[in-house]
Amino acid sequence: MGYNYGMAHLTISEASAQLGISIDTLRRWDKSGIIRAERNASGHRIFDTEEIQRVEQKRHCREVSDVDQYKVLRASEETLYSSIDLFAGGGGTASGLENAGFSHQLLSEIDPSAAQTLRTNRPQWNVVEGDVAKVDFTPFYNEIDLVEGGFPCQAFSYAGKSRGFEDTRGTLFFEFARAVQEVMPKVFVGENVKGLLRHDNGRTLQTMLKTLQSIRDDKGRHYKVAYRIVRAQYHDVAQKRERLLLIGVRSDIDSAILFPKERDYIISLWEAIGQCPESPGQSYPEKKRKVLELVPPGGYWRDLPEDIQKEYLGGSYHLGGGKTGMARRLSWDEPSLTLTCSPAQKQTERCHPSETRPLTVREYARIQSFPDEWQFSGSISQQYKQIGNAVPSNMAFHIGRAVRAMIEGRTEDEYIELEEVEPIAPVDSELINHEVAEQYSSAPTLF
């Protein structure tokens, strides 16, 4: 039976038949952001026919072109604005913001291999290697348009122990706040994992918002602050990756707080790495390779014979939870799952869609939307770590374009206005200084 694309919506069973996939797969796609569904008055999923068309086209993109479809976004305008990038890592945010029209006046990074990556690709950048707590930002006061920082997220991640400010890495947020206080940029953007929303029943996020709203200079300027989840797969990135943005606009800047609208399309893994240049990468031990040979594209451990499931998962077989990252092979027709610091970790496997091997370094980099000419320093494992920890370059590009619109006082259709967080009782200003880590841990501030 055919379906008329002139119809406004399809039911989940009609959409399943149209796409030739199961209803369970459609539910999973809706939950993971591959396809967007609405709910009708009865609470049932319904699918816009144009959305079905877009997804169907992605699923057939390998059949219509053998041209490399990989794109790194770049603005056509000249560089106009200045920025400081904290916790710069391997340069995902830095390269994306540069492509959006920002000139980095300082990049802070503690990891030697990541710092060398930044210097190798941009010798002209002022890369300050070492502990950010030792960096004096006061020379940049009132001179910088944007301060951006993806303060280390492991302390707030669901994948870790979620210790937050008890973890010395969690206290690095206050170094970000100190940089904003000392620089007083027109806009700041802080980035972290989605898990921060609910960490410690929301108290961690409240502390951060209070801290950022407490920032003032001797001119009385402060910040309007908002936050929002950004989904990378709707910002020209071939990866399902959700991050929390904390955005502030200085009170003397006549602009709403803007956020880039989600695109009405996704980037499939084929478009990103289907024609990827060769590069080094990890390999599987023979025993593991034989197991993953049995997993189809888009599949995982449940697609294995039961006896192999039990042997491969070991004690995890009898534990609760979906364990959906184990023995996971990616699919050409979908964005990748979130990249981690290694493509071959047993709990978060990222096997190539059609070859039985982990993703290579360059495939990793393309999924994070780094340009092909961007080179990574250090060992293979260090390169994977830099890429896995990065903010996708194309996502940073879209964020940078929204920042430019805020600075220029523009409100356009491609942005949405965020609601400012209601003023929260300010924290003690002494929190925003070098000694804040001691209030949460006796350990030194470490990356």
Side-chain angles (χ1 to χ4, degrees), residues 28-39 87 92-93 96-97 100 148-160 162 164 170 173 176 187-213 223-249 256-267 334-340 367-369 388-403 405-406 414-422 424:
R28 177 175 63 82
W29 283 7
D30 176 29
K31 184 176 180 180
S32 61
I34 296 171
I35 190 170
R36 284 175 279 201
E38 301 173 23
R39 299 278 180 166
F87 319 108
T93 303
L97 290 177
E148 188 282 334
F151 42 94
C153 61
Q154 294 93 331
F156 309 110
S157 173
Y158 287 133
S162 298
F173 161 77
F176 170 76
V187 177
F188 69 74
V189 177
E191 178 265 341
N192 210 277
V193 292
K194 180 183 178 181
L196 183 58
L197 278 174
R198 294 183 176 84
H199 185 270
D200 195 18
N201 294 317
R203 287 188 287 270
T204 298
L205 179 58
Q206 287 293 300
T207 298
M208 292 182 173
L209 295 171
K210 288 179 183 179
T211 302
L212 296 170
Q213 290 180 328
Y223 288 93
K224 301 173 286 185
V225 181
Y227 62 91
R228 189 177 178 90
I229 296 295
V230 59
R231 300 189 291 178
Q233 68 265 36
Y234 293 123
H235 294 284
D236 291 282
V237 179
Q239 182 184 182
K240 291 172 276 188
R241 191 182 190 97
E242 294 183 314
R243 308 295 282 187
L244 176 69
L245 297 186
L246 301 170
I247 306 172
V249 179
I257 303 173
L258 303 180
F259 185 85
K261 280 185 178 178
E262 293 186 341
R263 314 292 106 174
D264 63 356
Y265 55 84
I266 57 173
I267 306 297
E334 304 177 18
S336 169
L337 300 176
T338 303
L339 297 185
T340 63
I367 291 169
Q368 287 280 51
S369 60
N389 279 335
V391 171
S393 181
N394 280 351
M395 189 170 83
F397 170 88
H398 285 298
I399 294 168
R401 299 295 287 176
V403 171
M406 285 184 265
E414 63 180 295
Y415 308 112
I416 59 175
E417 295 187 16
L418 299 186
E419 185 175 346
E420 181 182 356
V421 175
E422 288 295 322
I424 303 171

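Heads up: numbering here begins at 1 and tracks the sequence. It should be emphasised that the depicted structure is a prediction, and the values quoted were computed from it without experimental measurement.
Environment of OH in Tyr227: sparse, with no more than 12 heavy atoms of neighbouring residues, nucleotides or ligands closer than 6.0 Å.
Using a 4.5 Å cut-off on side-chain heavy atoms (C-beta onward), Val225 and Ile257 make no contact. You'll find the side chain of Lys240 reaches within 4.5 Å of the side chain of Glu334, heavy atoms only. At least one side-chain heavy atom of Met208 sits less than 4.5 Å from a side-chain heavy atom of Leu196. Phe188 has its side chain within reach of Leu212: a pair of non-hydrogen atoms, C-beta onward, lies under 4.5 Å apart. Counting heavy atoms from C-beta on, the side chains of Thr338 and Arg241 come closer than 4.5 Å. His398 places a side-chain heavy atom less than 4.5 Å from the side chain of Asp236. A 4.5 Å side-chain heavy-atom check between Arg401 and Tyr415 finds at least one atom pair inside the cut-off.
Among residues two or more places apart in sequence or in another chain, the side chain to side chain contact (heavy atoms under 4.5 Å, CB included) test is passed with Glu242 by Lys194, Ile229, Arg231. Applying the side-chain hydrogen bond (donor to acceptor under 3.5 Å, both in side chains) criterion to Ser336, with sequence neighbours excluded, gives no partner residue.
Residue Leu258 holds its CG atom at 8.5 Å from CD1 of Ile247, rounded to the nearest 0.5 Å. Atoms CG and CD, from Leu337 and Gln233 in turn, are 10.5 Å apart once rounded to the nearest 0.5 Å. Going from atom CG of Asn192 over to atom CG of Leu205 covers 10.0 Å, rounded to the nearest 0.5 Å. Between atom OH of residue Tyr234 and atom CE of residue Met395 there is a gap of 14.5 Å, rounded to the nearest 0.5 Å. Note that the CD1 atom of Ile266 and the CD1 atom of Ile35 stand 8.5 Å from one another [nearest 0.5 Å]. Here the straight-line distance linking atom CD of Gln206 with atom NE2 of His199 works out to 14.0 Å at 0.5 Å rounding.
When atom types are taken as modelled, the side chain of Gln213 and the backbone of Val421 share a donor-acceptor pair closer than 3.5 angstrom.
Ring geometry for Phe151 against Phe173 counts as perpendicular: the plane angle is over 60°, on a 0 to 90° scale with 30° as the lower cut.
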Salt bridge (Lys or Arg N to Asp or Glu O under 4.0 Å) between Lys224 and Glu420, intermediate numbers included: CA-CA 6 Å; Lys224 301 173 286 185; Glu420 181 182 356; over 6 Å; no
Leu339/Gln368 under side-chain contact (heavy atoms from CB on, under 4.5 Å): CA gap, chis, key distance, verdict: CA-CA 8 Å; Leu339 297 185; Gln368 287 280 51; 3.9 Å; yes
Criterion side-chain contact (heavy atoms from CB on, under 4.5 Å) on Arg228 and Ile416, from CA distance to verdict: CA-CA 11 Å; Arg228 189 177 178 90; Ile416 59 175; 3.4 Å; yes
Trace of the side-chain contact (heavy atoms from CB on, under 4.5 Å) decision for Val230 with Phe259: CA-CA 9 Å; Val230 59; Phe259 185 85; 3.6 Å; yes
Full working for salt bridge (Lys or Arg N to Asp or Glu O under 4.0 Å) between Arg36 and Glu262: CA-CA 12 Å; Arg36 284 175 279 201; Glu262 293 186 341; 3.2 Å; yes
